[in-house]
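Below is one structure; the comments refer to it alone.
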There are 2 protein chains.
Amino acid sequence: MSEQSISPRPLTKDETVRAGAAGSCNQHEVLTRLGDKWTIMVMLQLAAVPGQRMRFSALKRKVAGISQRMLTVTLRMLERNGLVIRHYFAEVPLRVEYELSPLGHSLVPMLENFSAWIAANWQDMEDARLQHDREA
Amino acid sequence: MSEQSISPRPLTKDETVRAGAAGSCNQHEVLTRLGDKWTIMVMLQLAAVPGQRMRFSALKRKVAGISQRMLTVTLRMLERNGLVIRHYFAEVPLRVEYELSPLGHSLVPMLENFSAWIAANWQDMEDARLQHDREA
DNA sequence: CTGGATCCTAAAAGATACTG
DNA sequence: CAGTATCTTTTAGGATCCAG
């Protein structure tokens, strides 16, 4: 449906193949751990208060529609992979605070960029989607 | 099991609450579309050849263990949201090339940063995970 | 070669109830 | 408050077959 037939020039096999190359395997590993919606949203929230800690309940309130269970699972996974630190206070009522580790902190610039990108471009995405759906 | 009892100072409710604030809703929308493993991996590959297009089969080869179906689904989604452009050539054999749209291109710096972060930090993550598992 | 259409299973995630 | 445990529903995703 696009441009049909008269192509500019078929890419050679070498041109098409050559890309990412090495490291692809690590990418897969890392993305399996960090590359999901909830993980990114939780990290975005923690990155939004760089030097600060956040309580479990505060995170739950800030991260849109996350369930208690998924927040727990996500935080456990982030802790396991060394990206967040969990501070447990045996008080009444119980209090637990989370903060980014140094490793997690190294992701902050990227998270802020991403957050900014979303704010700046989500409307374009929405428009593109609506137009694409009209054409279909 | 961490520091117990003697806390530094409980965060006030206001400190804990104040974060991300607005835009949270858009984040959720956007991440529902882009925030999954395959989407990020495909974008990483397309970003690795900034000015270039990639054929379906080339993408399939480069993106670790993606199945034909998931690559198709992912590409359709990216096209629908205006991040990639699909070029269809009615030849024999059929040829289809994908490239980043301008909108998709605006994500390249972030994707490159992320890719670099993975290369630089995946070992730290691995170490943290192993140590965490030993302690458990 | 690049998919579309189906079927099917395993994993993810929501809801709910309970506890230190 | 911050979980855990359990149950159920939903979704992701692989396998397979077919087609322009």
Side-chain angles (χ1 to χ4, degrees), chain A residues 1-5 7 10-13 16-17 28 31-42 53-80 84-99 136, chain B residues 1-5 7 10-13 16-17 28 31-42 53-80 84-99 136:
Chain A
M1 303 295 183
S2 303
E3 52 217 64
Q4 306 254 24
S5 325
S7 49
L11 303 180
T12 68
K13 195 141 206 164
T16 345
V17 166
H28 190 275
L31 283 168
T32 297
R33 302 191 212 289
L34 313 183
D36 72 290
K37 193 178 69 174
W38 294 132
T39 298
I40 299 175
M41 293 192 72
V42 168
R53 299 177 178 181
M54 286 186 80
R55 296 187 59 155
F56 183 87
S57 52
L59 274 170
K60 182 157 181 349
R61 254 177 289 113
K62 300 303 299 182
V63 178
I66 198 169
S67 67
Q68 194 174 44
R69 192 180 107 81
M70 286 317 296
L71 181 53
T72 299
V73 170
T74 301
L75 285 169
R76 289 285 175 279
M77 190 268 287
L78 286 170
E79 190 195 5
R80 185 161 106 105
V84 308
I85 303 174
R86 180 176 185 266
H87 300 274
Y88 176 90
F89 304 100
E91 305 170 348
V92 184
L94 185 56
R95 177 165 61 93
V96 180
E97 294 171 359
Y98 294 89
E99 70 173 334
Chain B
M1 302 301 183
S2 305
E3 52 216 66
Q4 305 255 23
S5 326
S7 49
L11 302 180
T12 68
K13 194 141 207 164
T16 344
V17 166
H28 191 275
L31 282 168
T32 297
R33 302 192 212 290
L34 313 183
D36 72 288
K37 193 177 67 172
W38 294 132
T39 299
I40 299 176
M41 292 192 73
V42 168
R53 299 176 177 182
M54 286 186 79
R55 296 187 61 157
F56 183 86
S57 50
L59 274 171
K60 182 155 179 349
R61 256 177 288 114
K62 300 302 301 181
V63 178
I66 198 169
S67 67
Q68 192 175 50
R69 183 180 175 281
M70 286 317 295
L71 181 53
T72 301
V73 169
T74 301
L75 286 169
R76 288 287 171 280
M77 191 267 287
L78 285 171
E79 189 193 5
R80 185 162 108 105
V84 307
I85 303 173
R86 181 175 185 267
H87 301 276
Y88 177 90
F89 304 101
E91 305 172 347
V92 183
L94 185 55
R95 177 164 61 95
V96 181
E97 293 170 1
Y98 294 89
E99 70 174 334

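Proteins get letters first, then strands, A, B, ... in listed order; numbering begins at 1 in each. Keep in mind that this is a model prediction, so the values were computed, not measured.
- Residue whose closest nucleotide on DNA chain C sits further toward the 5' end, between B:V73 and A:V73: B:V73.
- Listed here is the closest heavy atom pair of A:T32 and A:H28: OG1-O, 2.7 Å.
- Shortest non-hydrogen contact noted between B:R33 and B:M77 is O-CE, 2.7 Å.
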- Message: Run the side-chain contact (heavy atoms from CB on, under 4.5 Å) test on A:R76 and A:R86 for me, step by step, so that the C-alpha distance in whole Å, both residues' side-chain angles and the decisive distance to 0.1 Å come before the verdict.
- Response: CA-CA 9 Å; A:R76 289 285 175 279; A:R86 180 176 185 266; 3.5 Å; yes
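- By the side chain to side chain donor-acceptor pair (under 3.5 Å) test, A:T39 pairs with A:D36, sequence neighbours left out.
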- Spell out protein contact along nucleotides 14-20 of chain D as letters: B when the base is contacted, S when just the sugar-phosphate is, - when no protein heavy atom is under 4.0 Å; keep the 5' to 3' order. BB----B
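- We find that CG of B:D36 is positioned 16 Å from C1' of D:dT10, with the value rounded to whole Å.
- Put simply, A:Y98 has a side-chain N or O that comes within less than 4.0 Å of OP1 or OP2 on D:dG3.
- Comparing the axis of the opening five pairs of the helix from C:dC1-D:dG20 to C:dG20-D:dC1 with that of the closing five pairs yields an angle of 60°, rounded to 10°.
- Taking atom CG of A:L59 as the reference point, atom C1' of D:dC1 lies 14 Å away to the nearest angstrom.
- Rounded to the nearest 0.5 angstrom, A:M54 CE and A:L75 CG are separated by 10.5 Å.
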- Item | side-chain contact (heavy atoms from CB on, under 4.5 Å) assessment of A:F89 paired with A:E97 | CA-CA 8 Å; A:F89 304 100; A:E97 294 171 359; 3.8 Å; yes
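- Partners of B:R69 by side-chain contact (heavy atoms from CB on, under 4.5 Å), not counting sequence neighbours, listed by chain and number: B:S67, B:V73.
- Residues passing the side-chain contact (heavy atoms from CB on, under 4.5 Å) test with A:R80, sequence neighbours excluded: B:R129, B:H132, B:D133.
- The shortest heavy-atom contact between A:I85 and A:H87 is CG2-NE2, 3.7 Å.
- One finds a side-chain N or O of A:S57 lying less than 4.0 angstrom from the OP1 or OP2 phosphate oxygen of D:dA2.
- Chain B approaches DNA chain C within less than 4.0 angstrom (heavy atoms of the protein), and the contacting nucleotides run 5' to 3' from C:dC1 to C:dT6.
- Summarising the geometry of B:I66 relative to B:V42, their closest heavy-atom pair is CD1-CG2, 4.4 Å, with the distance given to 0.1 Å.
- In this structure, the CG atom of A:L71 is 10 Å from the C1' atom of D:dA2, given to the nearest Å.
- As rounded to whole Å, 16 Å separates atom C1' of D:dG3 from atom CZ of A:F89.
- Scanning both residues, B:L71 and B:F56, for their nearest heavy atoms gives CD2-O, 3.6 Å.
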